[in-house]
Amino acid sequence: MEIKEIKELLNQFNDSSLTEFDLREGSFELYMNKNQTSRQTAAPVQVEQSVETASAAPLASAAPMDSEPAPVVASKGEGKVITSPIVGIVYLQPSPEQAAYKAVGDPVKQGETVCIIEAMKLLNEITSDYDGIITEILVENEDVVEYGQPLFRIS
């Protein structure tokens with residue numbers, strides 16, 4: 001990615017209402033946000049119904065990330081939680097005419113697609129890190145999700 005493209009993305013991000021932006025292309029990663037804390041240093045904070053993690057650099061960070069966000073168990077309910085690895089729009093079904101990837105009560109295997117998150121016109125399949133049963137869907141179709149936001153609870 002050229003520096004000119006990065007500067008253009010930075011200007012567009014600055015003018016937008018987005019609070020976080022994460023771009024991964026091969027070994028290159030660009031992460032920008034307007035929050036007060038950094039995802040690299042912030043520990044997950046347990047809130048009554050959700051787990052929130054945020055991050056901040058002044059506005060941009062182009063350092064490669066070595067670790068993915070660790071799934072976090074929220075304080076309400078039992079089981080493991082699948083969290084969003086990026087900021088974007090979540091789609092619970094492959095297309096408007098098709099059924100949802102998963103519904104409450106459906107079995108899920110590790111590596112199986114549970115939803116799609118659209119970020120910068122790219123569709124990212126989100127897969128389960130666990131085997132189990134979907135006990136709760138914590139987002140609605142077409143919701144805007146944040147980095148680290150819980151999506152599904154699995155028992």
Side-chain angles (χ1 to χ4, degrees), residues 1-2 4-40 42 44-45 47 49-57 59-72 74 80-130 132 134-154:
M1 180 166 260
E2 300 291 324
K4 182 179 178 182
E5 294 171 311
I6 294 171
K7 286 180 180 180
E8 185 178 320
L9 280 174
L10 181 61
N11 287 333
Q12 288 177 354
F13 175 73
N14 221 7
D15 295 339
S16 75
S17 63
L18 290 175
T19 59
E20 291 182 281
F21 174 76
D22 195 356
L23 172 68
R24 295 177 188 179
E25 189 175 287
S27 64
F28 175 80
E29 180 175 326
L30 175 67
Y31 180 76
M32 300 182 276
N33 79 62
K34 300 174 187 175
N35 297 319
Q36 298 297 316
T37 58
S38 174
R39 78 175 178 198
Q40 285 94 2
V45 177
V47 181
Q49 287 196 8
S50 67
V51 178
E52 296 177 6
T53 57
S55 56
L59 262 184
S61 168
M65 296 285 297
D66 289 335
S67 62
E68 287 294 315
V72 181
K80 298 179 175 128
V81 175
I82 299 172
T83 59
S84 175
I86 56 176
V87 175
I89 299 171
V90 67
Y91 295 102
L92 300 176
Q93 55 201 63
S95 72
E97 310 82 42
Q98 294 180 310
Y101 284 103
K102 293 294 175 185
V104 173
D106 286 353
V108 65
K109 294 193 181 287
Q110 183 176 358
E112 191 173 359
T113 301
V114 292
C115 66
I116 292 174
I117 297 181
E118 179 184 0
M120 295 295 295
K121 303 214 184 259
L122 294 175
L123 300 176
N124 302 280
E125 288 187 347
I126 307 305
T127 58
S128 176
D129 293 330
Y130 315 102
I134 302 283
T135 58
E136 196 174 356
I137 299 175
L138 304 168
V139 293
E140 296 291 325
N141 193 44
E142 298 185 9
D143 277 356
V144 175
V145 294
E146 297 291 326
Y147 170 83
Q149 180 175 340
L151 303 173
F152 296 88
R153 187 177 319 278
I154 299 176

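Values reported hereafter were calculated over all heavy atoms of this structure, with side chains retained and with hydrogens, waters and symmetry mates removed.
- Within the 4.5 Å cutoff, the side chain of Gln149 has no heavy atoms near those of the Val90 side chain.
- For the side chain to side chain contact (heavy atoms under 4.5 Å, CB included) test with Ile117, the passing option among Val139, Leu151, Val144 is Leu151; the others fail.
- Residues Asp129 and Ile82 are not in side-chain contact: their nearest non-hydrogen atoms beyond the backbone lie 4.5 Å or more apart.
- If you take OG1 on Thr135 and CG on Asp106, they are separated by 11.5 Å, rounding to the nearest 0.5 Å.
- A pairwise comparison of heavy atoms in Cys115 and Leu92 identifies CB-CD2, 4.0 Å as the closest pair.
- Leu138 has its side chain out of reach of Phe152: every pair of non-hydrogen atoms, C-beta onward, lies at least 4.5 Å apart.
- Of all non-hydrogen atoms in Ala119 and Ile86, the two that sit nearest each other are CB-CD1, 4.0 Å.
- Considering every non-hydrogen atom in both Ser84 and Val145, the closest pair reads OG-CG2, 3.7 Å.
- Side-chain contact between Ile126 and Pro85: present, with at least one pair of heavy atoms (C-beta onward) separated by less than 4.5 Å.
- By the side chain to side chain contact (heavy atoms under 4.5 Å, CB included) test, Glu140 pairs with Asp143, sequence neighbours left out.
- Nearest heavy atoms, Tyr101 versus Thr113: CE2-CG2, 3.7 Å.
- The heavy-atom pair separating Glu112 from Lys102 by the smallest distance is OE2-NZ, 2.7 Å.
- Pairing each heavy atom of Ala99 with each of Gln93, the nearest pair is O-CB, 3.5 Å.
- How far CD1 of Ile89 is from CG of Asn141: 10.5 Å, rounded to the nearest 0.5 Å.
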